[in-house]
Amino acid sequence: MEKYSEIRVPIAHDNPSIKRKESRCVLCGKCKDVCAKQIGVAGYWKYDGNDIVCINCGQCANVCPVDSITEQDDTATLMDAINSGKKVVFILSPSVRVSLGEMFNMSAGELVTGKMVAALKKLGASYVFDTTFGADLTIMEEASELIERIKSGENLPQFTSCCPAWVKFVETFYPQFIPNLSTCRSPIGMMSSLLKHHFAKQQNINPADLYVVAITPCVAKKFEAKRSELTGEYGPNCNLVITVRELGKLIKQQKINFKTLKDEPFDTAYPTGSGAGVIFGASGGVMEAAVRTAYYLTTGNKPPENLLKFTALRGANNIKTAKVELLGKEIKLCAIFGTAAARTVLDKLKTKKYDFIEVMTCPNGCVGGGGQPKCSDTIATVTARANGLYGADEKMPLRLSYQNPQIIEAYKQFLDNPLSAAAKKYLHTTYQPRK
Ligand code: SF4
């Protein structure tokens, strides 16, 4: 047990997400405070061998006032990959586009998608793709899975599974609920699997030479990318995870003038996603997007306006509830952020029933992720970032995953149908109880 564990969170030397610089620590205890009050891990310690299990969310790094705790820095590994001559493919998570600008004195919520693509091209990207395509696939699979479970009545409530810190939280503290987790991989998990097993072949690239880098708001994705369940025929599907903070630092190091960059579009060699994929970055967004598609899949009709702006699932309350009618039944929804808040819901599930529960670990979802630019006014900043995503969704001509022609084509060409054998192989996963 580490010396100061009464005061601060212990960090194992091999933690893939975060590290501590000992000489900087002032023993203020803010890391343990956030871990106890928002994450619900400190105080409920579980051990894996000698080390305390960390769910890798990185909220302790976000609140550390002296940068003693930081993300694991993988920027040198990225530059080595670029310089090695491999084909480096970047995939960009939804919430990165509304926060990277803050690293360059731009406002929270300002959309910088085009500048980000331009910066990555200058860094040496072979391709830059939008992870919202992966998010659309997640919606197709997860909405179909929800419908199956509602029909059979099994393993309800369904839990979302795109937040790796939440998945590890369930595996560690509530293994009895593992069957409730959706078996869907995260959008990055789906997208990187398809890049290695489909895109590489389509482009005549040896998959071993394709180096997939996810740009994310999330340090827990550094842990997710190393999960053995997400290793494919050619090794890890996602080779490296770089956070917004790391990318901002790298752009500065390379002396790229971010603010003056001319917008560049995503590469068109691979599909892009819909507005439903964009709102994944905000708490309630995964559920809202999945409900839009579940409504269509069960009625054959376009969702009504109130489901295209599902206000009960939006905003900075950490537990939001709503109802929707699907298959002639009233389906009870609950969107949560903060795994401490999730504990309170899970502990009462026997008496307070839900059918579908979304949990994101970070404040207001990935917009408040552990790899996002640090901010002093967390609620105002994450709200501005979330509003940036909702605004982007409203402006998109395509707002429904099932209408995305490239999603339709992907199923036609190689995935057959949602929940087919091919979809299960490349887009779904399994979980394991942890000590
Ligand atoms: Fe990562 Fe988002 Fe989960 Fe935070 S909420 S741990 S950023 S996936």
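Every number for a ligand or one of its atoms is a count from 1 in the order of the listing.
The six-membered or imidazole ring of Tyr127 lies away from that of Phe266, with a centre-to-centre distance of 6.0 Å or more.
Distances shorter than 2.8 Å separate atom 2 (Fe) of ligand 1 from the protein N/O/S atoms Cys366 SG.
Using a 4.5 Å cut-off on side-chain heavy atoms (C-beta onward), Pro65 and Cys28 make contact. Between His197 and Asn237, some side-chain heavy-atom pair lies under the 4.5 Å cut-off.
The pair Arg227-Glu171 meets the salt-bridge criterion, since a charged nitrogen lies less than 4.0 angstrom from a carboxylate oxygen.
Counting heavy-atom neighbours within 6.0 Å of Lys374 NZ, excluding the residue itself, gives a total above 12.
Heavy-atom contacts of Pro164 reach the following atoms of ligand 1: 8 (S) (cutoff under 4.0 Å).
Below 30°, between 30° and 60°, or above 60°: for Tyr174 and Phe169 the angle between ring planes is between 30° and 60°, a tilted geometry.
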